[in-house]
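What follows is a single structure, written as structure tokens, with notes after it.
The first residue of the sequence shown is numbered 1, and numbering continues consecutively from there. In what follows, every heavy atom counts, from backbone to side chain, and hydrogens, waters and symmetry copies are set aside. In each ligand, atom 1 is the first atom listed, and ligand 1 is the first ligand listed. The structure displayed is predicted, hence computed values, not measured ones.
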Amino acid sequence: APTPQRPHVVLLPTPGMGHLIPLVELAKLLVAHHGFSVTIVTLDASSASKAQDALFSSLPDSISSLALPSVPLDDLPSDARIETIISVAASRSLAHLRDALSGLKSSANLVALVVDLFGTDYFTVALELCLPRYLFFPSNLLTLSLIFHLPELDATTTCEYRDLPEPLRLPGCVPIPGRDLLHPIQDRSNDAYRWVVHHARRYREAEGILVNSFDAIEPEAAKVLREPEPGRPPVYLVGPLTQCWNPKATDERAECLRWLDQQPPGSVLFVSFGSGGTLTTAQTAELALGLELSGQRFLWVVRSPSDGENASEAYFSVRSKNDPFGFLPAGFVQRTREVGLLVPSWAPQVAVLNHAATGGFLSHCGWNSTLESVVAGVAMVAWPLFAEQRQNAVMLAEGARIALRPRGAAEGGLVPREEVARAVRELMEGEEGKAARQRVAELRKAATSGLEEGGAAYKALAEVASKWKTTN
Ligand code: UDP
């Protein structure tokens, strides 16, 4: 609970575990290193997942959570995209946020409001209450650079971005083919696109942007964005902020960890697509047969396939329906029982990545997963699905060079089993895999030392913290 003396910050994440997790880590650092207390404000208690409840109940006293009352969204078209839903929910929650912040202002020494990704409309309330407005960007500098550039790109481009004749060259970033750019900007006639451009414009209203990245993983972009630029908020590289791995908290789920204990060091490929990613039925089958064909050991977090347009369908619910394995190819479970373990829906990812038996990560390239892999020193096979994952995959394969890309995934088509097997074998046993592991070991070192007292990320957060402390 807030105490009157401590500086108090409100963090307001966009719904979704992938957004909540790094903000919770930010909260912990503000409390532990800089003497703050924190309230994490979420939208609508009714959509909270089990995972979210567990996360909140593990927090120290100086971090509280507060759910805003729900707002009606039933007038939105049934095919409204997630970015639209989240943005509309935010814009309709301003009065609730005003009430909550006013309440906190009277009981705590409130010094800043920190929103994330699609929360820029909350700035309106912060302005009314004379509260400094900050933004936490849970992805990388490549994506932030794209956001900064988007209003101009919108004004100067007539075609869909996937049809751009040349890759997009953002300052200090690897060139990104148009089709690999951020998923929600790929259909410019969709409301989701308008919302993303809207937020991109409002990013400039932030007094500072904290980014969950670090120099070594994208050094050129870091150089560019560290330089002050008129009209652009200062950028603070405070990452990598990743979920702490608490061995005690993972006890109840330890079956897969116990299985890992039985496997040789560095021998297991961890396969997971984040908190909500699902594959089509056909792709799930090819992946299964490809893993089998690779002859490698694997630990696969399996979700029911979804054949709809939107691969992020399972986003708000981390539970798979019905029999989680019923859709796998006939005999697959039986044939791979000696080398593979299937875990339905959710695994203690950070613990798995840090287990000595884990030697590779086939990942959807969500930014949290990527950072967790880096911090654990695990090289990746990139299998992007939605959001900014395709451009992350390009950056990880061609910039940071810590990921291998199966052919087919890049084109957005079906990745055949032979290609799955080739990429997996190359990662686990080939020269490219070896080189990626060396690079990831270097990044791991840089990440760790940046977070230590006196390191770059530590200093960046200290700078922001001292600004907040002197506001009032
Ligand atoms: N995660 C996990 N177990 C799972 C799937 C996901 O612990 O089975 C965690 C993962 O460690 C990461 C987050 O959920 O911290 C996923 O975030 P990311 O940005 O990688 O992807 P998103 O879920 O946003 O697509």
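For ligand 1, the atoms lying closer than 4.0 Å to a non-hydrogen atom of G18 are 17 (O), 24 (O). For ligand 1, the atoms lying closer than 4.0 Å to a non-hydrogen atom of I21 are 13 (C), 14 (O), 15 (O). Counting the atoms of ligand 1 from 1 in the order shown, those under 4.0 Å from a heavy atom of Q243 are 11 (O), 15 (O). Residue S369 approaches ligand 1 through these ligand atoms, each under 4.0 Å from one of its heavy atoms: 18 (P), 20 (O). Within ligand 1, the atoms closer than 4.0 Å to a non-hydrogen atom of W367 are 19 (O), numbered from 1 in the order shown. Below 4.0 Å from some heavy atom of G274 lie the following atoms of ligand 1, by number and element: 5 (C), 6 (C), 23 (O).
Remark: the T143 side chain and the E388 side chain contain no N/O donor-acceptor pair separated by less than 3.5 Å. A side-chain donor from one of D116 and T14 sits under 3.5 Å from a side-chain acceptor of the other. Side-chain N/O atoms of H199 and S87 include a donor and acceptor closer than 3.5 Å. In the model, S91 has no side-chain atom that pairs as donor or acceptor with a side-chain atom of D121 under 3.5 Å.
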Item to complete: List the steps, then state whether salt bridge (Lys or Arg N to Asp or Glu O under 4.0 Å) holds for E442 with R439.
Response: CA-CA 5 Å; E442 290 163 20; R439 289 272 308 144; 3.5 Å; yes
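Both the backbone and the side chain of Q349 come within 4.0 Å of ligand 1, judged by heavy-atom distances. Residue-level proximity to ligand 1 for N368 is carried by backbone and side chain together, each with a heavy atom below 4.0 angstrom.
For a threshold of 3.5 Å applied to N or O pairs, the pair formed by H364 and ligand 1 contains at least one separation below that value. Checking only distances, T370 never comes within under 3.5 Å of ligand 1, N or O to N or O.
Under the salt bridge (charged side-chain N to carboxylate O under 4.0 Å, His left out) criterion, E432 pairs with no residue, sequence neighbours left out. R425 is linked by a salt bridge (charged side-chain N to carboxylate O under 4.0 Å, His left out) to nothing, counting only residues two or more places apart in sequence or in another chain.
The six-membered or imidazole ring of H33 lies near that of Y458, with a centre-to-centre distance under 6.0 Å.
Remark: T370 OG1 to N140 CG distance equals 8.0 Å, nearest 0.5 Å.
Of the listed residues (S139, C365, C256, A347), the one carrying the non-hydrogen atom nearest atom 8 (O) of ligand 1 is A347. Of the candidates F386, F273, W346, the one placing a heavy atom closest to atom 1 (N) of ligand 1 is W346. The nearest non-hydrogen atom to atom 16 (C) of ligand 1, considering only S275, G16, P348, comes from S275.
Taking 4.0 Å as the cut-off, Q389 counts as a neighbour of ligand 1 on heavy-atom distance. Residue E372 places a heavy atom less than 4.0 Å from ligand 1.
Under the 30°/60° scheme for interplanar angles, the aromatic rings of Y203 and F148 are found to stand perpendicular.
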